Amino acid sequence: MTDDKPTPAANEARSLNFIEQIVEEDIRSGKHKARVHTRFPPEPNGYLHIGHAKAFCLDFGIAEKYGGLCNLRFDDTNPITEDTSYVDSIRKDIHWMGFDWGNREYYASDYFDQLYDLAVQLIKKGKAFVCQLTADEVNASRGTDFEPDKPSPYRDRPVEENLQLFERMKNGEFPNDSMTLRAKIDLSSPNMHMRDPILYRIRHAHHHRTGDKWCIYPMYDWAHGQSDSIEGITHSLCTLEFVPHRPLYEWFIRELEIFPSRQIEFARLNLSYTIMSKRKLLQLVKEEHVKGWDDPRMPTIHGLRRRGYTPESIRQFADMVGIAKRENVIDVALLEYCIREDLNKRAPRVMGVLNPVKLIIDNYPEGKTEYLDTVNNPEDPEAGTRSLPFSRELWIEREDFMEDPPKKFFRLSPGNEVRLKSAYIVKAESVEKDADGIITAIHCTYDPQSLSGSDEAKRKVKGTLHWVSAAHALDAEVRLYDRLFNDPDPDGHKGHNFKEFLNPDSLTILNHCKVEPSLGEASELDHFQFIRLGCFNLDPDSSVGHLVFNRTVGLKDTWAKMKQ
RNA sequence: UGUCCUGUGGUGUAACUGGCAACACGUCUGACUCUGGAUCAGAAGAGUCCAGGUUCGAGCCCUGGCAGGACAACCA
């Protein structure tokens, strides 16, 4: 066994995304002494969503894979939109996802002093100046693609004067927006970011961490790259919209002669039938199209958690979508696949009836209750068994009975037999209806010899139904969710607002569901598989005596597919 | 119009860096099943945006097009 060609499997295990390839090359060449250090830099001005999850799974994942570190760094350079409450939620979300940053929780605001000093350094080099143009005037001075910007009249202010003015800016001697510090680079650059970008602006605003110490705040380009350098970040991973910023990122490194972090960009996640813009998600919350950031229909981490998604399923998803530079739209079906697969292995099976109709077993003794054993999870022998109360009157799913069934209907219909899961085989005999012709009860008979597990129970019947004993059932509210938008790309239609595509049926509330009594002991957010129906979890809205379940995702339903 | 990024089955990602395109989701069969779930077996589906070129040989290299996206905030 010397010259085996690599098997496809081995090959695949070796296949790396383009960022891993870069990292491995750097390690091989001994760059930064083969050290790998990444960071996840959220701005604390909103909640994290699944797109961020893709990003921080990458940041933390790369560090983990190559024995490096990943910092959490809040990019808090804009006090008027940022808030400490967001810091808490972001921290919580990342922890919940299973990542840890040790004591390396940093803030761009931690570096305001150093950033200020670096700015002074840049001024001294003659590479930055204090500009007194108003925002409108700056915009008016902007050129076009082929026409350079008009130089600011303050562009050639002497270094000494710049130094003094910048210090006075810092000292709060000037009102908001009256001055900026701008880099002096290249007014005719085809890259607009190089046309004397603004580094600092004046904002007399209270900052959630630095309080009132500062009234000048650095812009993204100035703060982000330098923060990377200060932390010794080797690979600074960000999304594609920052590609044009990279020349500026590198210009600062060169001019300041600071640690050369490398910025690498990848394509952000897009999910079909949803939106990912923080601003637009905020709009959905504010305009009450959803009930909050943690509404189970939201693509936020908060929303997914409440919906019943597990950290493992989301990490699996992040892994499966891959990393590349081309625009992409991931099918939500992949996300659903990930949670089904995870919960299939872990979620205990229980019985719950969403749209109940009474099933009366005419030949079963009145007042009798049997306790029948049933397995908690066929995928997990360790999960054990529990007992279920069974009696003469049961609830079954209204959909599971048809008076006049089509040929492939494997459920209950007059004269036909069906297995009640973990119980007996029953045969439908007759129905009761109300004045409107709606079935109010189904009468059946059971075969006492057919109890699950008994020798006589080997008889095959075409279908198996879930059920709940009427006398023992608990009432429950069940919330069914459908996609929030009924268009695959709600934000992608020119001339149409994304809200036009909101799905009016994204939430269906069922109020009179019946669930097995064991569910009375469920805890908040516990996961279950309601047999034959889907994955559900207990919503925090539940209270003693009022159970509320969310449907995380339905089971694959080939019958539903056949009906179409 | 300028600069930059990107074009591989329906979707996403690969192709050990020149050797006739693989994996996953989705779709469709069939088997099995006390969940029409799961599991198992299998199938269909791209000749890699287009046109030239280099080469024995190109998705990978070169040239020229075309298409999509990003940028032009005192946001990040």
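Basis for what follows: all heavy atoms, side chains included, without hydrogens, waters or symmetry-related copies. The chains referred to below are lettered A, B, ... by the order of the sequence lines, with proteins before strands, and numbering in each begins at 1. It should be emphasised that the depicted structure is a prediction, and the values quoted were computed from it without experimental measurement.
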Next on the checklist: I need the residues from residues 189-200 of chain A with at least one non-hydrogen atom less than 4.0 Å from RNA chain B; give them sorted by number, or say none.
Outcome noted: A/Pro190, A/Met192, A/His193, A/Ile198
Checklist entry - Applying a 3.5 Å limit to both distances, which nucleotide forms a Watson-Crick or G-U wobble pair with B/U17? => result none
Item to check | Euclidean distance for P, B/G45 against B/U6 (whole angstrom) | outcome: 32 Å
Checklist entry - Between the base of B/G26 and the side chain of A/Glu336, is there any donor-acceptor pair under 3.5 Å? => result no
Checklist entry - In Watson-Crick or G-U wobble terms, both distances under 3.5 Å, what is the partner of B/C23? => result B/G12
Checklist entry - Is the glycosidic angle of B/G47 within 90° of 0, making it syn, or outside that range, making it anti? => result syn
Checklist entry - Under a 3.5 Å cut-off for both distances, is B/A44 Watson-Crick or wobble paired, and to whom? => result none
Checklist entry - If you look at every strand shown and take non-hydrogen atoms under 4.0 Å, does A/Arg349 touch a base, only sugar-phosphate, or nothing? => result base
Item to check | From B/C75, B/G36, B/G26, nucleotide with atom closest to A/Asp557 side chain | outcome: B/G36
Checklist entry - In whole Å, what is the span from the CH2 atom of A/Trp251 to the P atom of B/U3? => result 23 Å
Checklist entry - Side chain of A/Thr180: nearest nucleotide among B/A76, B/G36, B/C74? => result B/C74
Checklist outcome for this item: Here the distance between atom P of B/U3 and atom CD of A/Glu147, to the nearest Å, is 16 Å
Checklist entry - Do the two ring centres, one from A/Tyr220 and one from A/Phe242, sit under 6.0 Å apart? => result yes
Next on the checklist: Closest-nucleotide mapping onto RNA chain B: is A/Thr134 or A/Leu533 further toward the 5' terminus? I mean the 5' end.
Outcome noted: A/Leu533
Item to check | Protein-nucleotide distance (A/Glu24, atom CD; B/C16, atom P), rounded to Å | outcome: 14 Å
Item to check | Length of the line joining A/Asn376:CG and B/G37:P, which is rounded to integer Å | outcome: 21 Å
Checklist entry - Can you find a side-chain donor-acceptor pair between A/Ser178 and A/Asn176 that sits under 3.5 Å? => result no
Next on the checklist: Considering every strand and a 4.0 Å limit on heavy-atom distances, what is the contact class for A/Pro378: base, sugar-phosphate, or nothing?
Outcome noted: base
Checklist entry - What is the nucleic acid contact for A/Ala324, judged by heavy atoms within less than 4.0 Å: base, sugar-phosphate only, or nothing? => result sugar-phosphate
Checklist entry - Partners of A/Glu312 by side chain to side chain contact (heavy atoms under 4.5 Å, CB included), sequence neighbours excluded? => result A/Thr310, A/Asp342, A/Arg346
Checklist entry - Of the candidate nucleotides B/C74, B/U35, B/G12, which contains the atom at the shortest distance from the side chain of A/Ile330? => result B/G12
Checklist entry - Which nucleotide, in any strand shown, forms a Watson-Crick or G-U wobble pair with B/A76, with both distances under 3.5 Å? => result none
Checklist entry - Are A/Lys280 and A/Asp491 within salt-bridge range, i.e. N to O under 4.0 Å? => result yes
Item to check | Residue-phosphate contact under 4.0 Å: A/Arg268 side-chain N/O, B/A70 OP1/OP2 | outcome: no
Checklist entry - Do A/Asp228 and A/Tyr249 have a side chain donor and acceptor closer than 3.5 Å? => result yes
Checklist entry - Reckon A/Glu327 touches a base, only the sugar-phosphate, or nothing at all at heavy-atom distances under 4.0 Å? => result sugar-phosphate
Next on the checklist: Just to be sure I understand the rule, does A/Leu334 reach a base, reach only the sugar-phosphate, or reach nothing, if contact means heavy atoms closer than 4.0 Å?
Outcome noted: sugar-phosphate
Checklist entry - Can the ring centres of A/Phe74 and A/Tyr106 be said to be less than 6.0 Å apart? => result no
Next on the checklist: Nearest whole Å is fine: how far is B/A72 C1' from A/Ile185 CD1?
Outcome noted: 15 Å
Next on the checklist: Looking at B/U63, which nucleotide sits across from it as a Watson-Crick or G-U wobble partner, both distances under 3.5 angstrom, or is there none?
Outcome noted: B/A51
Next on the checklist: Given B/G36, B/C74, B/C75, identify the nucleotide with an atom nearest to the side chain of A/Arg532.
Outcome noted: B/G36
Checklist entry - According to the Watson-Crick and G-U wobble definitions, with both distances under 3.5 Å, which nucleotide is paired to B/U3? => result B/A70
Checklist entry - Under 4.0 angstrom, heavy atoms only, what part of the nucleic acid is A/Val329 near: base, sugar-phosphate, or nothing? => result sugar-phosphate
Checklist entry - Quick check, are the ring centers of A/Tyr200 and A/Phe166 under 6.0 angstrom apart? => result yes
Checklist entry - B/U35 base to A/Gln529 side chain: any donor-acceptor pair below 3.5 Å? => result yes
Checklist entry - Would a distance-only check, ignoring hydrogens and angles, find a side-chain to backbone donor-acceptor pair under 3.5 Å from A/Arg262 to A/Ser236? => result no
Checklist entry - Counting only side-chain N and O atoms of A/Gln21, is one of them less than 4.0 Å from OP1 or OP2 of B/A15? => result yes
Checklist entry - Ignoring hydrogens and angles, are the base of B/G69 and the side chain of A/Arg326 linked by a donor-acceptor pair under 3.5 Å? => result no
Next on the checklist: Using whole Å, what does the distance between atom P of nucleotide B/G68 and atom NE2 of A/His493 come to?
Outcome noted: 16 Å
Checklist entry - Given that A/Thr558 and A/Ala267 both sit by RNA chain B, which one's nearest nucleotide is further toward the 5' end? => result A/Ala267
Next on the checklist: For the aromatic rings, using the six-membered ring if either is Trp, is the centroid distance between A/Phe40 and A/Phe56 under 6.0 Å?
Outcome noted: yes
Next on the checklist: Looking at B/U27, I'd like to know if its phosphate oxygens (OP1 or OP2) sit under 4.0 Å from a side-chain N or O belonging to A/Lys561.
Outcome noted: yes
Item to check | A/Asn328 CG to B/C25 C1', straight-line distance once rounded to whole Å | outcome: 14 Å
Checklist entry - With sugar-phosphate meaning primed atoms plus P, OP1 and OP2, does A/Lys325 contact a base, only sugar-phosphate, or nothing at under 4.0 Å between heavy atoms? => result sugar-phosphate
Checklist entry - Would you say a side-chain N or O of A/Tyr220 is under 4.0 Å from OP1 or OP2 of B/C75? => result no
Next on the checklist: With the stacking rule set at 5.5 Å and 30°, tell me whether A/Trp559 counts as stacking on B/G36.
Outcome noted: yes
Checklist entry - Any side-chain N or O of A/Ser15 under 4.0 Å from OP1/OP2 of B/U13? => result no
Checklist entry - To the nearest angstrom, how far is A/Glu241 atom CD from B/G68 atom P? => result 21 Å
Item to check | Between CD1 on residue A/Ile425 and CG on residue A/Leu420, distance to nearest 0.5 Å | outcome: 9.0 Å
